[in-house]
There are 2 protein chains.
Amino acid sequence: MSTTTQAPQPPGAPKTARGARTRAKILVAAEDTFGSLGYHRAGVTDITRAAGVAQGTFYTYFTSKEEILRELVMDLGHKLRAHLAAQVIGSGDRLEAEEQGLRAFLQYLADHPSLYRVLQEAQFVDEAIYQEYYETFARGYTDMLNAAARKGEIRAGNNQHRAWALMGMSHFLGLKYALWDQRAKQGDGAFDPIVETISDLFHNGLALNGRDRG
Amino acid sequence: MSTTTQAPQPPGAPKTARGARTRAKILVAAEDTFGSLGYHRAGVTDITRAAGVAQGTFYTYFTSKEEILRELVMDLGHKLRAHLAAQVIGSGDRLEAEEQGLRAFLQYLADHPSLYRVLQEAQFVDEAIYQEYYETFARGYTDMLNAAARKGEIRAGNNQHRAWALMGMSHFLGLKYALWDQRAKQGDGAFDPIVETISDLFHNGLALNGRDRG
DNA sequence: ATAAAACCTGAATCAGTTGTCATATTTTAT
DNA sequence: ATAAAATATGACAACTGATTCAGGTTTTAT
């Protein structure tokens, strides 16, 4: 048999350049629409209108509104991780990478506010995908911290706990300063004071005297 | 005129013991129902069924499904703050209070998982109330850190940034360890290792050598 | 005891949604 | 050039779920 085994395309995959274009348009429109209206307020109608196609076309490529959200979440996650990874290369050590990473994250959020909304709302539509998103992130983060600890760049400690704590810090700082506080999102060094505060925490802790205790 | 000026009751306020009871039943039922089904999946029907009253009764006390969510958010916020405040009195200094507070928060979340879901979902129903919740929290937190800095209990630094960072840490640690990781939620010291990790961060930072830099 | 106020009921209304389908158009392969 | 496959259309079926309302029941005040 001529076994030119094609990678089994998912059901709604386009088989034409035009189809691929349309699918992509819908995806972008969904990101915008979910981002501004929110998942529940956004109807499929709103998405297709924004994409400039008919309602029915949506169902040529996606089986449901929920499915497109899932795809969006994975998409945005990949993009963010790629962006952060790119911004962090060239850091001398882990602590420097943390600073760069935080800065890059805040900037990315300010530039792509939809990411946040889509992701956070996904939590209540399909909790599994939300968990997976953060567990994946945390796994990578933990590994990096473990490597840094081996290299003697950071103190020994439970790096899984730390990874979740650091993700939480970034998340809330982003929420407050990149999304809610509009002023000063412009300008390249807009987030420097925040990064500086966190850097100080990493280098010196919060206690007045950096000594150990019980 | 006999000016016995009553505090102007909100529209749907009950005027009878029975009414107050019913209203309370609905509120509790709403917390449970939103908590387990989520805001959107939970119908008013589900709430009233859980409360053991007819649909129509709901609208005797609340003007909309959205309104009861708002009330719930404020309610839960008050309860949580009261709980944390109570658990933290008797701490020697701010750092000890942070540890106690984190432990108490994690335990509270494990015991009242609805809090989290209701609050996070409120974000997409009425963003203003969500912001207000955290801004209120942050304000109090910042004040406490400022006071601690004056007393020399913690390093000088931007305490607003720190407040948001600390809230984020708690939030994510709670998400992961109090809500998602089921194992070991029992037992009094279940969260001790986590608190220990964060305590170490506060006392010694993340860097290997607690020296200052640039 | 009785009228008034408060409270409760649940069927009906009403606005909006997702997802389907028969049909029309465009692209691809021969 | 032409048939087959892929893509696009938009009206519509089927359903969901919030809110209303006219009328019954319980509580309160006199």
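Being a predicted model, the structure only gives us computed values, none of them experimental. Chain letters run A, B, ... following the sequence lines, proteins first, then strands; residues in each count from 1.
Aromatic ring centroids of Phe105(B) and His83(B) lie 6.0 Å or more apart.
Side chain to side chain, Glu98(A) and Tyr141(A) meet the donor-acceptor criterion of an N or O pair below 3.5 Å. Side chain to side chain, Tyr177(A) and Gln160(B) meet the donor-acceptor criterion of an N or O pair below 3.5 Å.
Side chain of Asp93(A) to backbone of Glu96(A): a donor-acceptor contact under 3.5 angstrom is found.
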Reading nucleotides 5-21 of chain C from the 5' end, what letters show protein touch, with B for base, S for backbone sugar-phosphate only, - for no heavy atom under 4.0 Å? -SSSBB-------SBB-
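A cation-pi geometry, defined here as NZ or CZ lying under 6.0 Å from the six-membered ring centre and within 45° of its normal, does not hold between Lys176(A) and Tyr134(B).
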